[in-house]
Amino acid sequence: MSTLFDLIAKGGPVMIPMAGLSILTIACALERSLFWLQVLRGEDRLAHRILEAARFDLTEARQIAESAAELPIARFMLAGLRLHEPSPETMRLALEAAGDREFIQMRKGDKLLETVIAMAPLLGLLGTVTGLIITFFNLRIGSGAGFDTSKAALGIAEALITTAGGMIVAIVALAIFRMCVALQAKQVDYFADVGSELELIYRQWYEGKRDR
């Protein structure tokens, strides 16, 4: 831990916002991990239960969805099931609106990660420039004066540390962002499949009721 603090100190003032970005990235990763664990836990089993119940009794399907309303897939399906004998088109609109609301929650944190991905390398480049400036300021060439190797070395170290720090923070943020995007895309496809199946079940019930 002391080595890490030493590196941050040797990286100069640019490492302060860099450390802030790294803390935000870790916090976002933890929050998104908890979110996705909750979303994916038992999601497929619950959707299957609701669809199976809907084939025989829409009221029972609604009750199952209400009992698990903390899960996005349940809220998504409940948006259509809670309507009182809507037309199939109305149910589709309700499911689409509910899906859009859930996808907004799934994309939470994306803007923060995108900001970190963009800013961290720029901060690293800024630290490189300031470190090289310090190095050149401490060169005393000419008249046999030589140069101050210790101060020059500190400037070079600052330049390298900030460059490496910016790349590390950006790479970690990018990895987290890409995993979130992959999970979001998978959920969009899954919600579309479940919604289509629920619409088909309801359409069969609706048309059968109208024919009687």
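When reading the values below, keep in mind they use all heavy atoms of this one structure, side chains included, and skip hydrogens, waters and symmetry mates. Just so it is clear, the structure is predicted and the values come from calculations on it, not from any experiment.
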Checklist entry - Which atoms form the tightest heavy-atom contact between Ile201 and Ala54, and what is the distance? => result CG2-O, 3.6 Å
Next on the checklist: Nearest 0.5 angstrom please: Ile176 CD1 to Cys28 SG, how far?
Outcome noted: 7.0 Å
Checklist entry - Same cluster or not: are Leu174 and Val181 linked, directly or through other Ile, Leu, Val, Met, Phe, Trp or Tyr residues, by side-chain heavy atoms under 4.5 angstrom apart? => result yes
Item to check | Residue pair Thr59 / Asp57: nearest heavy atoms and the distance that separates them | outcome: N-OD1, 2.9 Å
Next on the checklist: Nearest 0.5 Å, please: how far is OG1 in Thr25 from CD1 in Ile117?
Outcome noted: 8.5 Å
Checklist entry - Side-chain heavy atoms under 4.5 angstrom apart, residues restricted to Ile, Leu, Val, Met, Phe, Trp, Tyr: same cluster for Tyr190 and Leu95? => result yes
Item to check | Leu58 backbone acceptor or donor facing Tyr202 side chain under 3.5 Å | outcome: no
Item to check | From Leu198 atom CG to Arg55 atom CZ, the distance as rounded to the nearest 0.5 Å | outcome: 10.0 Å
Item to check | Single-linkage hydrophobic cluster Phe177~Trp36, side-chain heavy atoms < 4.5 angstrom | outcome: no
Checklist entry - Which atom names give the shortest non-hydrogen contact between Val169 and Ser22, and what distance separates them? => result CG2-CB, 4.0 Å
Checklist outcome for this item: Scanning both residues in full, the closest heavy-atom pair of Arg82 with Ala79 reads CG-O, 3.8 Å
Item to check | Inter-residue atom distance Lys186.NZ - Phe191.CZ, 0.5 Å rounding | outcome: 12.5 Å
Checklist entry - Is the shortest heavy-atom distance from the side chain of Glu89 to the side chain of Arg203 under 4.5 Å? => result yes
Checklist entry - Ignoring hydrogens and geometry, is there a side-chain-to-backbone donor-acceptor pair from Gln184 to Met106 under 3.5 Å? => result yes
Next on the checklist: Using a 6.0 Å cut-off, check whether atom CZ of Arg49 has over 12 heavy atoms from anything other than its own residue.
Outcome noted: no
Item to check | Criterion side chain to side chain contact (heavy atoms under 4.5 Å, CB included) on Leu40 and Leu183, from CA distance to verdict | outcome: CA-CA 10 Å; Leu40 299 175; Leu183 289 170; 4.1 Å; yes
Item to check | Shared hydrophobic cluster for Tyr206 and Leu93 (ILVMFWY, side-chain gaps under 4.5 Å) | outcome: no
Item to check | Met18 to Gly124 - nearest heavy-atom pair and separation | outcome: CE-N, 3.6 Å
Checklist entry - Under a 4.5 Å cut-off applied to non-hydrogen side-chain atoms, are Arg32 and Lys108 in contact? => result yes
Checklist entry - Considering only heavy atoms from C-beta outward, does the side chain of Leu132 approach that of Thr128 to under 4.5 Å? => result yes
Item to check | The single option from Leu71, Ile64, Leu51 passing side chain to side chain contact (heavy atoms under 4.5 Å, CB included) against Met77 | outcome: Leu51
Next on the checklist: Measuring from atom CE of Met179 to atom CG of Leu113, what distance do you get when rounded to the nearest 0.5 angstrom?
Outcome noted: 9.5 Å
Checklist entry - How far does CZ of Arg45 sit from CD1 of Ile73, to the nearest 0.5 angstrom? => result 13.5 Å
Checklist entry - Can you list the steps and then say if Glu66 with Arg62 is a salt bridge (Lys or Arg N to Asp or Glu O under 4.0 Å)? => result CA-CA 6 Å; Glu66 288 174 344; Arg62 187 186 71 245; 3.6 Å; yes
Next on the checklist: If we count only N and O atoms by modelled type, under 3.5 Å, do the side chains of Gln187 and Glu102 hold a donor and an acceptor together?
Outcome noted: no
Checklist entry - In the single-linkage hydrophobic clustering (I, L, V, M, F, W, Y; side-chain heavy atoms under 4.5 Å), do Ile50 and Val39 co-cluster? => result yes
Checklist entry - Given side chains that start at C-beta, do those of Gln38 and Leu34 come closer than 4.5 Å, heavy atoms only? => result no
